[in-house]
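Only a predicted model underlies this, so the values are computations on that prediction, with no experimental measurement involved. For reference, positions follow the sequence shown, starting with 1. What's counted below: heavy atoms across the whole structure, side chains too, no hydrogens, waters or symmetry copies.
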Amino acid sequence: MWLSVYTAGAKAKLLKIDANQQMMQIVQKIAVNQFLSRGQINVNPFLELKVRRDHLIEDTLRLIPEYECTPYVLKKPLKVIFEGEEGYDAGGVKKELFLLLMKELLSPDYGMFTIDPDSRFIWFSDKNFEHNKMYHLIGVLCGLAIYNSTIVDINFPPALYKKLLKKRVTLNDFAKLHPTQANTLRQLLAYNECRF
């Protein structure tokens, strides 16, 4: 409850500090475990994602499940390497990866999501035949972006966040996502109230 007195900026700083501390603790824990079991320390302090630009989704889909087998690895600081490219990831490469992945995965052309023409919010496609692992990948990517203090613009409606928080979704929430359909539904409800 005490978090309600902090501004959004202060909460973001607290989350960043907490994530950084968790990242350092994970790397230390791995180093200690390696030293105790093997007598040596050979720890990569980063979660390295080495991907090819022309196979971003395929490579990421292959790597994320490998890292999920040992969940603490996902808590390491993320380092992105685009195969065949020089460059040090000081945050820009990481942000670029998230932007490229989300742009492709969230595109209506990919088929998993649609964009409402009135609200411009993204929502789940009812014509999708993708496996749940693709939605899981998007969730993991969102978590990695947040955990690594990388802002990615994903235009989901407030109703989605309410569902995640297990809060009640109302007609007003639906109206933010689909204003035209909500208006029609309101007219229908008003018509039914007048008749009966």
Side-chain angles (χ1 to χ4, degrees), residues 3 7-9 11-16 18-19 47 49 51-68 71 74-75 77-80 82 89 91-189:
L3 282 175
T7 65
K11 289 177 187 177
K13 285 180 184 176
L14 285 171
L15 285 172
K16 185 174 183 174
D18 181 56
L47 164 61
L49 279 182
V51 294
R52 299 167 291 174
R53 279 192 183 272
D54 53 343
H55 295 91
L56 284 180
I57 293 176
E58 179 185 322
D59 290 350
T60 307
L61 257 179
R62 179 181 43 81
L63 291 170
I64 294 295
E66 288 176 20
Y67 292 134
E68 281 186 303
L74 291 175
K75 289 194 167 196
L78 181 63
K79 180 179 180 182
V80 175
F82 283 112
D89 187 4
V93 179
K94 181 176 16 181
K95 182 165 181 80
E96 182 182 8
L97 173 76
F98 286 122
L99 289 173
L100 292 172
L101 279 170
M102 291 304 179
K103 181 180 178 184
E104 191 167 338
L105 288 169
L106 299 177
S107 167
D109 296 335
Y110 199 74
M112 292 177 64
F113 295 92
T114 61
I115 298 176
D116 185 87
D118 297 324
S119 70
R120 305 302 303 156
F121 280 124
I122 297 168
W123 196 247
F124 305 93
S125 173
D126 58 351
K127 297 172 181 73
N128 176 31
F129 299 106
E130 285 292 338
H131 192 272
N132 285 341
K133 72 179 181 179
M134 292 300 288
Y135 289 108
H136 179 79
L137 171 66
I138 292 171
V140 171
L141 290 172
C142 289
L144 280 173
I146 292 167
Y147 192 72
N148 284 274
S149 304
T150 305
I151 297 171
V152 181
D153 184 26
I154 302 174
N155 202 20
F156 285 126
L160 177 69
Y161 301 106
K162 280 182 130 179
K163 290 294 285 178
L164 289 172
L165 293 170
K166 296 183 177 157
K167 292 187 176 183
R168 189 171 163 260
V169 178
T170 66
L171 181 56
N172 289 335
D173 297 314
F174 179 74
K176 290 175 186 172
L177 173 60
H178 297 299
T180 304
Q181 292 165 323
N183 189 37
T184 304
L185 186 57
R186 283 187 176 122
Q187 289 174 357
L188 183 62
L189 290 170

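Residues satisfying the side-chain contact (heavy atoms from CB on, under 4.5 Å) test with Lys163, not counting sequence neighbours, are Val169.
In this structure, Leu185 places its CG atom where more than 12 heavy-atom neighbours from other residues, nucleotides or ligands lie under 6.0 Å away.
Contact annotation: the side chain of Phe98 approaches that of Leu144 to within less than 4.5 Å [non-hydrogen atoms, C-beta and beyond]. Leu100 has its side chain within reach of Arg53: a pair of non-hydrogen atoms, C-beta onward, lies under 4.5 Å apart. Residues Pro108 and Thr114 have side chains not in contact (no heavy-atom distance under 4.5 Å, counting atoms from C-beta outward). The shortest distance between side-chain heavy atoms of Leu137 and Leu101 does not fall below 4.5 Å. Annotation: side chain of Leu106 is not in contact with side chain of Met112 (no heavy-atom distance under 4.5 Å). Side-chain atoms of Lys75 and Leu47, non-hydrogen and from C-beta on, never get closer than 4.5 Å to each other. Using a 4.5 Å cut-off on side-chain heavy atoms (C-beta onward), Leu171 and Leu189 make contact. Residues Leu97 and Thr150 have side chains not in contact (no heavy-atom distance under 4.5 Å, counting atoms from C-beta outward).
Within the structure, salt bridge (charged side-chain N to carboxylate O under 4.0 Å, His left out) contacts touching residues 164-182 (residues at least two apart or in different chains) are Lys162-Asp173.
Without hydrogens or angle criteria, Lys94 side chain to Lys79 main chain gives no donor-acceptor distance under 3.5 Å. Formation of a donor-acceptor pair under 3.5 Å by the Asp116 side chain with backbone atoms of Trp123 is not found in this model. When atom types are taken as modelled, the side chain of Tyr147 and the backbone of Leu78 share no donor-acceptor pair closer than 3.5 angstrom.
Rounding to the nearest 0.5 Å places CG of Leu141 at 5.5 Å from CD1 of Ile64. With rounding to the nearest 0.5 angstrom, the CG atom of Asp109 is 10.0 Å from the CD atom of Glu104. Here the straight-line distance linking atom CD1 of Ile154 with atom CE of Met102 works out to 4.0 Å at 0.5 Å rounding.
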Show me the side-chain donor-acceptor pairs of residues 54-61 shorter than 3.5 Å, one per line, residues at least two apart or across chains.
unit_1: Glu58; atom_1: OE2; unit_2: Arg52; atom_2: NH2; d: 3.4
unit_1: Asp59; atom_1: OD1; unit_2: Arg52; atom_2: NE; d: 3.3
unit_1: Asp59; atom_1: OD1; unit_2: Arg52; atom_2: NH2; d: 2.7
unit_1: Asp59; atom_1: OD2; unit_2: Arg52; atom_2: N; d: 2.7
unit_1: Asp59; atom_1: OD2; unit_2: Arg52; atom_2: NE; d: 3.0
unit_1: Thr60; atom_1: OG1; unit_2: Leu56; atom_2: O; d: 2.7

Apply ring-ring contact (aromatic ring centres under 6.0 Å, His included) to the pair Phe113 and Phe121, showing each step before the final yes or no. CA-CA 10 Å; Phe113 295 92; Phe121 280 124; over 10 Å; no

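Asp118 and Pro179 make their closest contact through CB-CG, 3.7 Å (heavy atoms, listed as atom of the first residue, atom of the second, distance).
A perpendicular orientation is assigned to the rings of Phe156 and Tyr161, their planes being inclined by more than 60° (bins at 30° and 60°).
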